[in-house]
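Count residues from 1 along the sequence.
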Amino acid sequence: MGISRLPISVFVFFLLSAHHHLSLGDPITCSGIVPMKHRSQMLSISDFGAVGDGTTLNTNAFNAAIDRIRNAKNVSVGTLLYVPRGVYLTQSFNLTSHMTLYLAHGAVIKALQDTEKWPLIDPLPSYGRGRERPGQRYISFIHGDGLTDVVITGKNGTIDGAGEPWWNMWRHGTLKFTRPGLVEFKNSTDILISHVVLQNSPFWTLHPVYCSGVVVHHVTILAPTDSPNTDGIDPDSSSNVCIEDSYISTGDDLVAVKSGWDEYGIAYNRPSRDITIRRITGSSPFAGIAIGSETSGGIQNVTVENITLYNSGIGVHIKTNIGRGGSIQGITVSGVHLEKVRTGIKISGDTGDHPDDKFNASALPVVRGITIKNVWGIKVERAGMVQGLKDAPFTNLCFSNVTFTGTKGSPIWKCSDVVGAAEKVNPTACPELTSTSQQGGYCGNQT
């Protein structure tokens, strides 16, 4: 989507942000946790017989090139695999450590629409089964397991999951197993993805799971508004993750932080923590930024700032459920701009399904220490819904400098089973969120 199609207020915000960054120097960034690697060796996919005509099947070429990198004598130096302009049709393939997949301008790596021959892999242990169907799951289009030092970058080339057949199987109820994601890294470290377009994923688009040291910046993620479950970026039981400077427009949450599903996530016990999400723009029929609903391993220390959303369902959604267990704490959200959004802020304890009937209904989530500040929205239908659990109220919530205007009168707040504080919130927050001048409210304790 070009900038000319953005709402005028979003365009103005871009200009103001650009002026702000120019006046203050380079914007703050976390991307240095995984620096770009210089590769002294380079291969071209064309050297392995690949043809970018959109019809030739290039699976063997990708596998052969990656095998060459894997078996290189000086493997730790790493090798760049160059994909020139063209449309390269291929089945799914696995990456290897110490490599850069580089997509030139006009290069497209496109998935073959052959759902019958798509490989299966085991379910994630923190989910206990496929997310959509019991048993195994289809492997992601581009996959990495147990890797280190992997870069996917280029001159805004495209990875296209050709997801329409998978979306239709979901719509018609004919899926045999859980759909494949577009790019998944599992049990991996030092992963960098930048300057590429990721589009038309069959399921979740970019899924780092059980990973540490993941940087995603200057990416564009696209899928039709009605494409089911095409989340943009889903850090899952992962730590030290940096997501910045990207545009996302998909059929589900733009960024959703996860950490396992009910009893399986509780047993696996690997949290998502130390995650920064910054300068993201986009639209979604669901949430712009989400925490959950799969939160059973716990989610801690997440910073979200400078987010611009329009034509969306929910601005920020923190979601969990009974049976999840785990804790959600240390979440700070600031600098959010919304236009034409159904609900500005939602924190809910009754969201998401269960993997089976073995979940423990007494495993209640702990939600505390949530700060949401400096949020502005226009054409917002409902200001906020903040609904905890009767036997596990959400505590230490802070809403500060939050302003929403509606299309028909003043948007309202709805709250239950929560303890927190609100200051400079317009329209006035619900009475469960007391003024910071009362009883030393949580906002007053923030630094």
When you measure from the side chain of [X] to the backbone N and O of [Y], does any donor-acceptor pair fall under 3.5 Å?
{"X": "S46", "Y": "S44", "result": "no"}
{"X": "S227", "Y": "T230", "result": "no"}
{"X": "S246", "Y": "V219", "result": "yes"}
{"X": "S238", "Y": "C211", "result": "yes"}
{"X": "D160", "Y": "A162", "result": "yes"}
{"X": "S92", "Y": "F141", "result": "no"}
{"X": "E132", "Y": "R179", "result": "yes"}
{"X": "T250", "Y": "D252", "result": "yes"}
{"X": "T205", "Y": "D231", "result": "yes"}
{"X": "S201", "Y": "L182", "result": "yes"}

Heavy atoms of other groups near [X] [atom1], more than 12 under 6.0 Å:
{"X": "R68", "atom1": "CZ", "value": "no"}
{"X": "K110", "atom1": "NZ", "value": "no"}
{"X": "K340", "atom1": "NZ", "value": "no"}
{"X": "K186", "atom1": "NZ", "value": "yes"}

Would you tell me whether [X] and [Y] have side-chain atoms, one donor and one acceptor, within less than 3.5 Å of each other?
{"X": "E244", "Y": "H217", "result": "no"}
{"X": "R39", "Y": "T100", "result": "yes"}
{"X": "D47", "Y": "Y82", "result": "no"}
{"X": "Q387", "Y": "S348", "result": "no"}
{"X": "T303", "Y": "T332", "result": "no"}
{"X": "R324", "Y": "S293", "result": "yes"}
{"X": "T189", "Y": "T148", "result": "yes"}
{"X": "D236", "Y": "H207", "result": "yes"}

Distance from [X] atom [atom1] to [Y] atom [atom2], nearest 0.5 Å?
{"X": "L254", "Y": "S284", "atom1": "CG", "atom2": "OG", "value": "4.5 Å"}
{"X": "Q113", "Y": "L89", "atom1": "CD", "atom2": "CG", "value": "8.5 Å"}
{"X": "I159", "Y": "I193", "atom1": "CD1", "atom2": "CD1", "value": "7.5 Å"}
{"X": "T320", "Y": "L389", "atom1": "OG1", "atom2": "CG", "value": "7.5 Å"}
{"X": "C415", "Y": "L433", "atom1": "SG", "atom2": "CG", "value": "4.5 Å"}
{"X": "S188", "Y": "D149", "atom1": "OG", "atom2": "CG", "value": "11.0 Å"}

Which atom pair, heavy atoms only, marks the closest approach of [X] to [Y]?
{"X": "F399", "Y": "V386", "value": "CZ-CG2, 3.9 Å"}
{"X": "A422", "Y": "A429", "value": "CB-CB, 4.0 Å"}
{"X": "G130", "Y": "W261", "value": "O-CZ3, 3.9 Å"}
{"X": "W413", "Y": "C430", "value": "CB-N, 3.9 Å"}
{"X": "P285", "Y": "R342", "value": "O-NH2, 3.0 Å"}
{"X": "N94", "Y": "I139", "value": "OD1-CD1, 3.9 Å"}

**Request:** May I ask you to test the Q300-P271 pair for a side-chain heavy-atom distance under 4.5 Å?
**Result:** yes
**Asked** E184 versus V209: any side-chain heavy-atom pair under 4.5 Å?
**Response**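 Touching, per the 4.5 Å side-chain cut-off.
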**Request:** Given salt bridge (charged side-chain N to carboxylate O under 4.0 Å, His left out), test K319 with D253 step by step and report yes or no.
**Result:** CA-CA 12 Å; K319 47 186 174 177; D253 298 340; 2.7 Å; yes
**Evaluation steps, side-chain contact (heavy atoms from CB on, under 4.5 Å), between V214 and V34** = CA-CA 7 Å; V214 178; V34 183; over 6 Å; no
**Prompt:** Should N156 and H105 be marked as a side-chain hydrogen bond (donor to acceptor under 3.5 Å, both in side chains) after you check the CA-CA gap, both sets of side-chain angles, and the distance that decides it?
**Reply:** CA-CA 6 Å; N156 294 315; H105 178 70; over 6 Å; no
Partners passing ring pair (Phe, Tyr, Trp, His ring centres under 6.0 Å) against [X] (at least two apart in sequence or in another chain):
{"X": "Y264", "value": "none"}
{"X": "Y88", "value": "none"}
{"X": "H218", "value": "H195"}
{"X": "W166", "value": "W118, Y138"}

**Request:** Give the C-alpha distance, both sets of side-chain angles, the deciding distance and a yes or no for side-chain hydrogen bond (donor to acceptor under 3.5 Å, both in side chains) between S194 and T153.
**Result:** CA-CA 5 Å; S194 72; T153 189; 3.0 Å; yes
**Message:** Going by ring-ring contact (aromatic ring centres under 6.0 Å, His included), name the pairs with one or both residues in residues 271-298, residues two or more places apart or in two chains.
**Reply:** none
**Asked** Does Y268 have any side chain to side chain donor-acceptor pair (under 3.5 Å) partners at least two apart in sequence or in another chain, and if so, which?
**Response**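 Result, side chain to side chain donor-acceptor pair (under 3.5 Å) vs Y268: none returned.
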**Request:** Check step by step if ring-ring contact (aromatic ring centres under 6.0 Å, His included) holds for W167 and F203.
**Result:** CA-CA 8 Å; W167 305 334; F203 192 54; over 10 Å; no
**Message:** Pair R131, E294 - check side-chain contact (heavy atoms from CB on, under 4.5 Å), show working.
**Reply:** CA-CA 10 Å; R131 186 58 183 84; E294 303 90 341; 2.7 Å; yes
**Prompt:** What do the steps show when you test Y210 against D145 for side-chain hydrogen bond (donor to acceptor under 3.5 Å, both in side chains), and what is the final call?
**Reply:** CA-CA 10 Å; Y210 318 145; D145 191 352; over 6 Å; no
**Check against salt bridge (charged side-chain N to carboxylate O under 4.0 Å, His left out), K373 and E305** = CA-CA 10 Å; K373 59 185 179 180; E305 57 188 20; over 6 Å; no
**Request:** Please lay out, stage by stage, how L81 and I66 fare under the test side-chain contact (heavy atoms from CB on, under 4.5 Å).
**Result:** CA-CA 8 Å; L81 178 57; I66 293 167; 4.3 Å; yes
**Request:** Show the numbers, then the answer: is there a side-chain contact (heavy atoms from CB on, under 4.5 Å) between Y247 and T308?
**Result:** CA-CA 10 Å; Y247 175 83; T308 304; over 6 Å; no
